[in-house]
Number of protein chains: 2
Amino acid sequence: MIVPDGGPLYLRVKDVIVKRIVDEVWRPGGLLPSEQKLAAELGVSPGTVRKALNELTAENLLYRQQGKGTFVASHTPQRSLFHFFKMTAADGKRQPATSRLLACARRRANREEAGRLDLPAQSRVVEIERIRELGGSPQILERILVPAKLFPNLGKSSDGELPNELYVFYEERYGITIYRANENLRAIAATAEQAKLLGLKAGAPLLEIDRTAITLDGRPVEWRVSLCDTRNCHYVSELI
Amino acid sequence: MIVPDGGPLYLRVKDVIVKRIVDEVWRPGGLLPSEQKLAAELGVSPGTVRKALNELTAENLLYRQQGKGTFVASHTPQRSLFHFFKMTAADGKRQPATSRLLACARRRANREEAGRLDLPAQSRVVEIERIRELGGSPQILERILVPAKLFPNLGKSSDGELPNELYVFYEERYGITIYRANENLRAIAATAEQAKLLGLKAGAPLLEIDRTAITLDGRPVEWRVSLCDTRNCHYVSELI
DNA sequence: GAGTGGTCTAGACCACGCT
DNA sequence: GCGTGGTCTAGACCACTCT
């Protein structure tokens, strides 16, 4: 048996599959071998492989299509939008979001930033600042921080254009796929500078979304703080 | 075969089980028949029953204990706390929350309120106002609205005491189990009155959590608006 | 020891996508 | 027509709980 020892067999099969995705044996969007072939290769029964594949599908790591096969999940604009963007307009309509770049530069991380990204002190990072507009008016002020090492040319050449959906871009351009994110939400008062950028008065209430995004192997690769004017939109959370 | 027609068998088995919970054939905390007995009774194979039970377990409707059996999920203080209370202290510690009742009275619903609770216009409702404290200082101002019809004596006699975990109370006292909730989050500025109750200045930013809680059969039974002082705590959301 | 859920196996048949 | 995943079945064995 090729799978490592210890614990239930289907969990070990899961680990093998995850490891192959991490090692880029199978890349996002790519097709996995069929259940039967995987079962034969790993020396387990098809039912065990099926259980592993189904759990990974439930965790949004894979997706399956009857008649076609099993694929590694990847960021399409749709998936990115629905999974990682929880702001919705007050009227429920999903308006096309556009973004305006304010800054994009490389610099050294301070202590807190290095800690958040699990980097050595003083590591180089790329800082992106932008404003996202929903329905024409500025609504979200974002500061994004990523390790420079993982994003080689980002912020060096003056890339005037960055796509609105960054996770699609991370994946296609740098081979970095975001699988999970933790968000902490607060209400804060806008500083004079923030207020000006969003067309508000200083002290106006803003929804602060503090997000750490992590890859499949659990490394944090993005720290993002979004400040939202929630007069015309809100953050949606479903508790089950 | 006892299960109704149409669609995959295991989904029909799920529907049968859900219906029995709704009809209180099996009550929260109660023990279901074993897989084998259920399979025999419904005339399907044990594997099919198992698949249905596992999906319902994943949806937090049931829980299973090896060697003991399968039970209908119920609100314990723990479960209520972990599933439906997403505020965490800034230092990550979960402090015991206490609450102070401001008001609890029956009255007629206005248009918006009736709409939110899916009630006829002018229906009687119970309104609860309270302040929740985390670590000694007031942090959350809550207004809770429930249909008077479903909560017979609530708010009539002056119940000076209401437990901190209302969902446990709803279930034990009125047989109403909350299974899901939708929350919409915003940042707002505190009114003078709100600020006074929370020990803040007027205009201070507050996190507004607008929640609709629904039962297993999909009926909304509680509308709750929580206003949180998020200087020392935050709302946690995990995106997967 | 009896009963429960958890795991693992094996195979049949169906629905779907492609060629 | 072929290969894929989706469903359904049947049974063996293990781990756990309780008496």
Side-chain angles (χ1 to χ4, degrees), chain A residues 1-18 20-21 26-74 76, chain B residues 1-18 20-21 26-74 76:
Chain A
M1 195 175 308
I2 297 176
V3 293
D5 285 351
L9 190 51
Y10 76 94
L11 290 179
R12 288 180 271 155
V13 171
K14 273 181 72 172
D15 289 341
V16 170
I17 295 170
V18 169
R20 291 193 186 174
I21 299 174
W26 303 318
R27 288 163 196 267
L31 177 65
L32 266 66
S34 71
E35 291 180 358
Q36 290 194 2
K37 285 176 187 166
L38 265 177
E41 187 211 334
L42 300 174
V44 303
S45 93
T48 302
V49 170
R50 163 170 292 272
K51 184 159 184 176
L53 292 175
N54 280 339
E55 290 209 352
L56 292 169
T57 302
E59 295 166 20
N60 288 318
L61 231 105
L62 303 174
Y63 63 94
R64 318 190 76 180
Q65 286 185 42
Q66 190 174 111
K68 295 184 75 173
T70 304
F71 303 83
V72 181
S74 70
T76 62
Chain B
M1 192 176 311
I2 298 176
V3 294
D5 286 352
L9 189 52
Y10 75 95
L11 290 179
R12 288 180 271 154
V13 171
K14 272 181 75 172
D15 289 341
V16 170
I17 296 169
V18 170
R20 291 193 187 174
I21 299 174
W26 302 317
R27 289 164 195 266
L31 177 65
L32 266 67
S34 73
E35 291 180 358
Q36 290 194 3
K37 285 177 188 166
L38 265 178
E41 187 211 334
L42 300 175
V44 302
S45 92
T48 303
V49 170
R50 163 169 291 272
K51 184 159 184 176
L53 292 175
N54 279 339
E55 290 209 354
L56 291 169
T57 302
E59 295 165 19
N60 288 319
L61 229 103
L62 304 175
Y63 63 94
R64 318 189 74 180
Q65 286 186 42
Q66 192 176 112
K68 295 185 74 172
T70 304
F71 303 83
V72 181
S74 70
T76 63

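Numbered from 1 within each chain, the chains take letters A, B, ... in sequence-line order. Note that these values count all heavy atoms, side chains included, but never hydrogens, waters or copies made by symmetry.
- Dashed line: the shortest gap from a side-chain N or O of A:Thr48 to OP1 or OP2 of C:dT9 is under 4.0 Å.
- Within the 4.5 Å cutoff, side-chain heavy atoms of B:Ile21 are placed close to those of B:Leu62.
- The distance from atom NZ of A:Lys37 to atom C1' of D:dT4 is 10 Å, rounded to the nearest whole Å.
- Residues A:Gly67 and A:Pro8 each lie close to DNA chain C; by heavy-atom proximity, the contact nearer the 5' end of the strand is made by A:Pro8.
- If you take CG of B:Leu31 and C1' of D:dC18, they are 13 Å apart, rounded to a whole angstrom.
- Here D:dC8 presents its P atom at 15 Å from CG of B:Asn54, a figure rounded to the nearest Å.
- Taking the side chain as every heavy atom from C-beta outward, B:Leu11 and B:Lys14 approach each other to under 4.5 Å.
- Phosphate contact (OP1/OP2 of C:dT7, side-chain N/O of A:Lys51, threshold under 4.0 Å): present.
- Among the protein residues, B:Gln65 comes within range of the sugar-phosphate backbone only, with heavy atoms under 4.0 Å from sugar or phosphate atoms but none that close to a base.
- An OP1 or OP2 oxygen of D:dG5 is reached within less than 4.0 angstrom by a side-chain nitrogen or oxygen of A:Thr70.
- Rounding to whole angstrom units, CZ of residue B:Arg50 and P of D:dC8 are separated by 16 Å.
- Nucleotide C:dC8 holds its C1' atom 12 Å from the OH atom of A:Tyr10, rounded to whole Å.
- Mapping A:Pro46 and A:Lys68 onto DNA chain C by nearest heavy atom places A:Pro46 at the nucleotide closer to the 5' end.
- Per the geometry, CZ belonging to B:Arg64 stands 14 Å off C1' belonging to D:dA15, to the nearest Å.
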